[in-house]
**Q** 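Can you read through this structure? Questions will come right after.
Throughout, a chain's letter reflects where its sequence line sits, starting with A, and its residues are numbered from 1. No experiment lies behind these values; they were computed from the predicted model shown.
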Number of protein chains: 2
Amino acid sequence: MPQPPLPPSQPTAGRHTRLERAEGDLQHCLLCDRSRGGLCNGVDRDGLEALAHSSRRLVLPPGSTMVEEGQTAEAFFNITRGTVKLFKSLPDGRRQITGFADPGQFLGLSRSGLYAFGAETVDTVHACRFQRPQFEALLNDQPDLKRNLLAAVTDKLAEAQEQMLLLGRKTAREKVASFLLGRAQAEQTMRGDTPPDPMPVASVPMTRVDIADYLGLTIETVSRTISALRREKLIASTENHGIRLLSPDALRQIATGQGAG
Amino acid sequence: MPQPPLPPSQPTAGRHTRLERAEGDLQHCLLCDRSRGGLCNGVDRDGLEALAHSSRRLVLPPGSTMVEEGQTAEAFFNITRGTVKLFKSLPDGRRQITGFADPGQFLGLSRSGLYAFGAETVDTVHACRFQRPQFEALLNDQPDLKRNLLAAVTDKLAEAQEQMLLLGRKTAREKVASFLLGRAQAEQTMRGDTPPDPMPVASVPMTRVDIADYLGLTIETVSRTISALRREKLIASTENHGIRLLSPDALRQIATGQGAG
DNA sequence: TGGTGTTATTGATTTATGTCAAAACACTCC
DNA sequence: GGAGTGTTTTGACATAAATCAATAACACCA
C-alpha cells in the first residue's frame, strides 16, 4: 500500500502567473451564472455588490498552486471554471486527493487558521478569491450566503463519507466504476442536463497519477482497470480527455458491488 | 478487500427503549456543560430557553439505531455523553464507519432530506434531539448557533479529509497507530486536559469489528497489529476498554509513515 | 517532421493484507 | 462454578493490488 517515496513537493511552475482584475469590478458578479446551487445563489442585487466589492477574479493556468497545506488560511475561493484538486500528503510524498472542486464549488475553509490541505489547478481555472476577514464579514451580513455555505459544506461532508466508503471498502474495479460515474454525474449537474443522457461522457481532465491518488490505487492498477472496462465495451474513450459510459447501469452495478466480474 | 457478505442490517435490539424527558425542560440546557466548543457554546440565556424548548433529551442503550441510511432526515442530534458510530454500507454488507461522534459533537445534517449514513450507539449515549423544522428555525434565530454549526461542520470535513488520507494511503500499522492517537486526543480534548498527559489512555469502547470497519481493515489485521504494538511495548492494555500509549512520539512517527518497522 | 520528455499501457513477479480455521479468552446466566 | 455464547487472538494459506520493468502512445516544440 505504500507509494514510491516521491521527492517532496516540487515547486510549481506558474504559481505567480495569475491574472487579476481590479477589485470591486461589479460586472464579474452580475455576469456570473449563479442559477444552479452555487454559493451566490439567491443573493440579491445589494448583496452582489458587496460580494463584487470584496472579491477578485483569478485566471490560473494548469498546475498552479492555490493553497498549500499548513500555510495560514488567508483566502477563500469560489470556482467558476475548470477543475481544482484538493489533497493531503504524508512526509514521504504519499498523497491522497480528497476531492475535485468543479465550477460552483468552493475551497479554502479552515477552522484552525491554517489550511489543512493543498489545492492545485488541474486545467485552466477561473475563480473568485475573497480575503478571509472580508469574507467573514460578508457571511455575517448576507444570510443567504451563510445558508448556501452551510449547505455546500454539508454536501461536501456527504461526498467525503461516500469517498471513505470507496477508499476503505471497494475493490479497484468498483473504485474506477464509481469514479467514472461520479465524473459523468458532475458533468451533468454542472451543465444542468435533464433528463440525463443515457450514454453520458465523463470529463477526465486529470492524469492517471491524480486518479490513482484519488482512488487510493497505483497508476498501473487504474490503467489496467480502465483497459479492462474498455475491453468489456462498458466505456469508450472520446477525444479531449473524455470517457463515454456505454452502459451506465452496468457501471452502477459494478460500483455498488453488485456487478459481474 | 471485499468483506464477508454479512446478513444485511439485522434489526436492533433496544431500538425503542430510549428514555425521553418532557420537551421544554429548561434544566437540561442550563446544566449542560457548553464551555468547550460544543454547538451551544456562547448561546445566551434567551437562546438556551429556545434551545431547551425545541429539544428533548434521550438516553440510549448500547447498540441503538439513531439514524438509518436512506430514511427521511427528521431529527438532528447533539451528543452529550457516550460515543456514536456513523457508517455507510454497500448492498452486500460491506461497511465503512466514517467517524465516531463523541460528546460535544452533532449528527443528523442532511442536504437532500434523507440521511446519507447510518448511526448507532457504541455505548450508553445521552443526546439532545431536535426536530428538523424547529432546528432550522433555531438556526435562523440564533446566529451563535449557526456560527458554531458551520465551524463544527468545517471541523468534520477536515477530519474526513484526514481519514481519507489514512484509508487511501496508509499501511495497516500506520492506520492503527493513527487510530490510537486519535482516540487519545479525543479523550484529552473532551476532558480538557492541559498540559497533555505524556502517557495518555485511548478510550476504545468499540469492538474490533468497528475498528476494522473504521480503518478499512479486517478484524484479524487489527488484532495482529495491536498485538505487535503491544509486543514492542509501544502500548499496553488497561482495564475497562482503554489502551495506554507508552510512547506517543514513537506512535506519531509510525502514524505519519516515519516510524521503524 | 522529427526529436524529446512525459504519460499511459502491458507484462512478470512480489507482498501486504485478506480469507479460512481453530484455539484462547471473557461474559452471562442458571 | 460450569455450560454456553460471543469476541479476540493466533496460525496457515490465498489473492488483489503493488512493485519492478519494458514498451508504446502522446504532446510539445524547434
**Q** Atom CE of A:Met206 to atom P of C:dT6: distance rounded to whole Å?
**A**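 Rounded to whole Å, this separation is 22 Å.
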**Q** Let me know the distance between NE2 of A:His241 and P of D:dA25, rounded to the nearest Å.
**A**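 Value for this atom pair: 17 Å.
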**Q** Using the closest heavy atom to pick a nucleotide of DNA chain D for each, name whichever of A:Glu220 or B:Ala228 lands nearer the 5' end.
**A**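 Here B:Ala228 is the residue nearer the 5' end.
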**Q** Would you mind reading off the distance between B:Ile219 atom CD1 and C:dC20 atom C1', rounded to a whole angstrom?
**A**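 Spelled out: CD1 on B:Ile219 to C1' on C:dC20 is 12 Å.
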**Q** Less than 4.0 angstrom between a side-chain N/O of A:Thr207 and OP1 or OP2 of C:dT6, yes or no?
**A**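 Indeed not, no polar side-chain atom of A:Thr207 lies that close.
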**Q** Output the single nucleotide from D:dA17, D:dT9, C:dT17 whose closest atom is nearest the side chain of A:Ala172.
**A**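 Selected nucleotide: D:dA17.
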**Q** Quick one: A:Leu215 CG to D:dA16 C1', roughly how many Å, whole number?
**A**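 Value for this atom pair: 16 Å.
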**Q** Tell me which nucleotide among D:dT9, D:dA18, C:dT10 gets nearest to the side chain of A:Thr221.
**A**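 Nearest listed nucleotide: D:dA18.
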**Q** Determine the contact category for A:Ser227: base if any of its heavy atoms lies under 4.0 Å from a base atom, sugar-phosphate if only primed atoms, P, OP1 or OP2 are that close, otherwise nothing.
**A**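 Since only primed, P, OP1 and OP2 atoms lie under 4.0 Å of A:Ser227, the category is sugar-phosphate.
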**Q** Would you kindly give the CZ-to-C1' distance between A:Arg208 and C:dA8, to the nearest whole Å?
**A**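 Result: 7 Å.
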**Q** From D:dA17, C:dT17, C:dT9, pick the nucleotide closest to the side chain of A:Thr171?
**A**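 For A:Thr171, the side-chain atoms sit closest to D:dA17.
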**Q** Hey, does the side chain of B:Thr218 come within less than 4.0 Å of C:dT17's phosphate (OP1/OP2), counting only N and O?
**A**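 No, B:Thr218 has no side-chain N/O under 4.0 Å of OP1/OP2 on C:dT17.
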**Q** Regarding A:Glu174 and B:Arg94, does a basic nitrogen lie under 4.0 Å from an acidic carboxylate oxygen?
**A**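 Looking at B:Arg94 together with A:Glu174, the answer is yes, because their closest N to O distance falls below 4.0 Å.
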**Q** Taking the basic N atoms (NZ, or NE/NH1/NH2) and the acidic carboxylate oxygens, is any pair closer than 4.0 Å for A:Asp210 and A:Arg95?
**A**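 Yes.
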**Q** B:Leu217 CG to C:dT19 P: how many Å, rounded?
**A**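 Value for this atom pair: 11 Å.
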**Q** Expressed as a whole number of angstroms, how long is the span from A:Ile226:CD1 to C:dA8:C1'?
**A**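 The answer, rounded to whole Å, is 10 Å.
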**Q** Does A:Arg183 come within less than 4.0 Å of A:Asp102, counting only side-chain N to carboxylate O?
**A**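 Result for this pair is yes, salt bridge flagged.
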**Q** Grab the CZ-C1' distance between B:Arg224 and C:dA23 for me, whole Å please.
**A**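 These atoms are roughly 14 Å apart.
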**Q** Would a line drawn from the ring center of B:Phe106 to the ring center of B:Phe77 be shorter than 6.0 Å?
**A**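 When the ring centroids of B:Phe106 and B:Phe77 are compared, they turn out to be at least 6.0 Å apart.
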**Q** Is any side-chain N of the basic residue among A:Arg169 and B:Asp213 closer than 4.0 Å to the acidic one's carboxylate O?
**A**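 Salt bridge present between A:Arg169 and B:Asp213.
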